[in-house]
Amino acid sequence: MNLNVDQDYLFGKTEVPQRSRVLVLGIGGAGGNMVRRMAARWPNGGPDVAVVDTDPQSLAVCPVNPSLLLGELTTQRLSSGSDTEAGRMAAEESIGRLEPILVGYDLVFLVCGMGGGTGTGAAPVIADYLHKLETLTLCFAAMPFGFEGDRRARTAADGVRTLQDKCDAVIVLPNEKLIDLLEPQTGLESSFRISDDHVATCIYALWKLLSRPGVINLDFADVRKLVERSGGLCSFGHGSGQGKTRSADAIRTLLSSPWLEQGAVLGHAASLMINILGGPDMTLADVQGVIGEITAKAPKGIHLFVGASVDGDWRDRLAITVLTAEQWRDPVISRDEADEIVTDYLDNLEPPQEGRESAPSAGAVGLKTPVQSDLPLEKVTGEGRGRFSAAEPTIINGQDIDIPTYLRRGLKLSFER
Amino acid sequence: MSDYPPIVALELGTTKARCVVAEIRDDDHLMILGVGECESRGIRKSEVINLDTAISCVKIAIDNAEESANAILKEVYLMASGGSIQSLVNRGSIPIMSDDHEIIREDINHVIQTARNLSLSDERQILHSICQHFYVDDQKGITNPEGMEGYKLSVDMLIIHGLVGRLRNLVRAARSASVEVVNIAYGGLCAALATLTPEDKHSGCMVIDLGGGTTDFIAYADNAIATAGSLAIGGDHVTNDISSGLRISSATAEKLKIEAGSAVVNLPQRMNKLPIPDDPGSSARVVRYGDLHTIIHARMEELFQLVRGQVKQKDLLHRLGSGIILTGGGANLTGVTELGEKVFGLPCRVGRPRDVSGFTSVINMPDYAAPLGLLRFAARDVKSHASAPGIRGWIKGLLGFRSAS
C-alpha cells in the first residue's frame, strides 16, 4: 500500500518503520467521493484508504480499494434512500465483514456527509465498533448546504450528536461556510474539491507526522491526548502558501479559513495542535514565525502541541494544519470506567420514596451493596454464556464464541437505544 | 427383496436423538422401515455432558424406532460430530520397484496404507481416511493409477479424526442402551452422502450441516473430499442469543426462532411487533421483528464467516462450482440461503436427501440428511466386505461396557 517505504528500500535509505497505521474510511456517497478525491491527491503514498457504501452503483465506479457494500440484504442493494435507520441497519448487518478492513490501525479517520442515510446512520455503528477495537477515531462530518433543506439539517445535527458519543472526536465541516470563501462563478465540482483539499491536507499532514518522526516531533500520544480531552468536538484549519511569501500566505489563508471562523475559533481554544509541513528548504525562522503568529491569537495557558515535518518532494511550499478544541477535560477515569461508574451509580440509586427501611418491591431498583461493581464483568462471562455455562467454551481467535454475537459486535437492540 | 439385513443409524444430536431403520435395495435405494426420535438431554455441542440422561434418550429413540419398524435392533451405526473433529491431508509415497515399473493393485493398497499410517497424538482417533488423488512421478490429479508406469507413486489421504474421550462417551451411551456399535461416521460426511449428486462432487461444493450444537462442513473439489471439519456452534447458540437479547426463556426463544426467525433483517418488517407467548412467571409482552432478526443474523453470519475462513485458508472457495448445500435443522431457517449466498458469494441451496423412500414426513426434511446419509454410509460398509479395520477394531477394543458379541 505504502509506496514511500518501497522507495526508501530502492534508494537504500535508512528504513524507518512505520510507527502508526492510519486509515481513511469514506462512508456513504459523500464520504466515498471525498476519499476518492483525496486518494487521487496522494499518488506517492499516504494513509490507507477504504470506502463503504450502501449504493452498489456508486461503489462500482469508485476506484478506491478496498471497498465494501453495506447492507446487501437489508436494503436489497438499493442504497439507504436517505433513511438513517436503513443506514444504521445496513452497517449492523455488514459490521462482521468490515472487521478485516478496520483491524490493525492506530488511528482511523471516518469521512462522511451528514444528513443522508448511509453516512449519518452507518458512521456511529462503525465508530462504536472501532471503539471496541480501541482505535482512536476522528470523524470528519460534512454538514449539508442550506439549500438542502431543514429536514436534512436536523438529521445532520442529530447525527453529529450521536457521532460525538461514539467517536473520540468529530470535526464538523460546515459546507455552507464554503460559499463565503468562493468566487460566485466557481463550479460545483471545484467548490467541493476545495473543501476536500482542506480535509485531505489535514489528514495527510497528520499521517506524515505520525508515520515518521518529524523535525519537531509530535507523536501519536499527543494526538490521542488532544482528541480524547476535547470533549468530542474539534475544529481544524488549513492554510498553505508558495514562493517567497509562503509563511505569510499560509498564515493568512489559515486565519481566513472558514472552518476556523476567520480565526475566531482560536480565540477561545483550550488546546491547539499546530503542524507545519514544508520542503527541505523550510527554515527555522519559518517555523518560529508561524507558531508565534498563531499562538498570539490563542489565549494564554493553552495546551499547545507543535510539530514540523519535511516532505522531500516539496519545494518552496508550506502548509499549516491546525487542530483545536474548545475544551480540555482532565480525565479522571477512562471512558470505559466512566460507563461502569454511571451504571453502578444508577444501580445503587435508592427509590425516592418514603419508608426506606421497608424492603423495595420486587423488580424495583433496590438497595444494592457496592459489591455490585462486579456486575458488568459477570454479565459477560456468566450471563451471556447462558446455557453453555456448563459446557466447554468454544474459543475461536481468542473470542468466546458462546457469548452472543450481537453483544460481541456491540449491536444495540431497539429497546436499548 | 434385499440380500442385506436392515441397517440402523443412530444420531445423538444436541437437539434430538434420532434412530432410523432402513433396508438397502440392490440399486442402492434406501427404504425407510422405521423412525424413532427423542428430545435430547445431556448433550451439549454434540458431546455427552450427562451420560445418564443421554442414555435414557437413546433408549427412548431406539424403543420408538423398534416399535415403528416392528423389529428388534441390535446393531447400530453411530454418528459423530462435535468441535473436536478435524481433518488433515497426509501424503504417502512408495517407489515402484518392479522391472517394468507398472503400477499394480498391490502398489495402490500399499501406498494407501502408507498414507494412512499417521501418528496422531494418543488422545485422537482416526474416523475416516479418504483417498483424494494419486500422483505418479509428480503428475497430479490421477484418480486411478492402476496400469500406469512410473518410478514413484504417491497419494493424498484426507484423515478425519476426533478426540478419543468424546467418541468413547458416544459409544458408551449407545452401548448402555443395549445396542452394539458397528461403526462410527462423521456427521458432515453423512450429510454429504445423503444429498450430493455426482455432478455436485465433480464441480465442487460444500455441505454445511447446521446442527443444534455443532456445524459440520465438508468440501468436495474435483470429485474428492478436499477438507472437512466441525465447529462447536449451532442452533443452540442462536436460541441462547435470542433468550439473552430479548430476555425470554430458552423455550420461548426456541419457539420464536422456529416460528418467526430469519437470518436476514427485513427492512419493511423490522418495526412490526411480535407478541411473545406468556412465559410462566413473566407477563406477555411484544418484541420487534428487527431485534429478533438482528440477533439471528449476527450469529449466523459469524458462523458462515468462520466456515468460510476455514475453506478459504485451504484455497478452496473458487473450486466450489456447485456452491453451498445446507442441511440440518438450521437449513429450515428463513433467509439462511440468502445469507449464505452473501457470505460465500456462491449459490446456496437447502439439501434434501436423495434416493430414499418411505416415511415421506422424514425424508424431505434437511434435518434428516445426516442420519439418512449415515444409512448410506452403512450400506456401503455392509457391501464392501473389505472395510477399513481402523475404527471398527477400535470400537471392539473398548472395554468395560458390553462385550463385543
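In what follows, chains carry the letters A, B, and so on, assigned in the order in which the sequence lines appear, proteins first and then strands, with residues in each chain numbered from 1.
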Pairwise side-chain contact, B/Tyr289 with B/Ser262, heavy-atom cut-off 4.5 Å (strictly under)
no

Where on B/Thr239 is there a heavy atom nearer than 4.5 Å to chain A: the side chain, the backbone, both, or neither?
side chain

Checking heavy atoms, do the side chain of B/His237, its backbone, both or neither come under 4.5 Å from chain A?
both

Proximity of residues 300-314 of chain B to chain A, residues having a non-hydrogen atom under 4.5 angstrom
B/Glu301, B/Glu302, B/Gln305, B/Leu306

Would you mind checking if B/Glu338 and B/Lys342 are paired as a salt bridge, meaning a charged N to carboxylate O distance below 4.0 Å?
no

Under 4.5 Å, heavy atom to heavy atom: which of residues 70-83 of chain A reach chain B? Give them by number, or say none.
A/Glu72, A/Leu73, A/Thr74, A/Gln76, A/Asp83

Straight-line distance of B/Arg172 CZ to B/Leu167 CG, nearest 0.5 Å:
14.0 Å

How many angstroms lie between atom CG of B/Asp216 and atom CD1 of B/Ile160, to the nearest 0.5 angstrom?
9.5 Å

Taking every heavy-atom pair that is under 4.5 Å apart, which of B/Val343, B/Val265, B/Leu231, B/Thr294 has the most such pairs with chain A?
B/Val265

What option among B/Gly245, B/Gly335, B/Gly83 has the most heavy-atom pairs under 4.5 Å with chain A?
B/Gly245

Carboxylate-amine/guanidinium contact B/Lys45 A/Asp402, below 4.0 Å
yes

With sequence neighbours left out, write down each residue that passes side-chain contact (heavy atoms from CB on, under 4.5 Å) with B/Lys273, or none if nothing qualifies.
B/Val286, B/Arg288

Among B/Lys257, B/Glu254, B/Lys255, which residue meets the side chain to side chain contact (heavy atoms under 4.5 Å, CB included) test with B/Ile242?
B/Lys257

I'd like to check the side-chain contact (heavy atoms from CB on, under 4.5 Å) partners of A/Ala30; sequence neighbours left out, ordered by chain and number.
none

Do A/Arg36 and A/Asn33 have side-chain atoms, one donor and one acceptor, less than 3.5 Å apart?
yes

Residue, of B/Val287, B/Leu339, B/Asp236, B/Val264, that accumulates the most heavy atom pairs under 4.5 Å with chain A:
B/Asp236

Report which part of A/Leu411 has an atom under 4.5 Å of a heavy atom belonging to chain B: side chain, backbone, both, or neither.
side chain

Shortest non-hydrogen pair, A/Val49 vs A/Pro66, comes out as O-CD, 3.4 Å

If only side-chain N and O atoms count, and only distance matters, is there a donor-acceptor pair under 3.5 Å linking B/Thr214 with B/Ser230?
no

A/Arg21 to A/Gly104 - nearest heavy-atom pair and separation
NE-O, 3.4 Å

If one checks every heavy atom of A/Arg97 against chain B at 4.5 Å, the contacting part turns out to be both

Nearest 0.5 angstrom please: A/Leu98 CG to A/Tyr129 OH, how far?
8.5 Å

Can you tell which of B/Ile296, B/Ile233, B/Val238 has the highest number of heavy-atom pairs within less than 4.5 Å of chain A?
B/Ile233

If you count heavy-atom pairs within less than 4.5 Å of chain A, which of B/Ser250, B/Gly290, B/Ala232 leads?
B/Ala232

Take A/Asp158 and A/Thr120 through the test side chain to side chain contact (heavy atoms under 4.5 Å, CB included) and record every step on the way to the result.
CA-CA 9 Å; A/Asp158 287 347; A/Thr120 321; over 6 Å; no

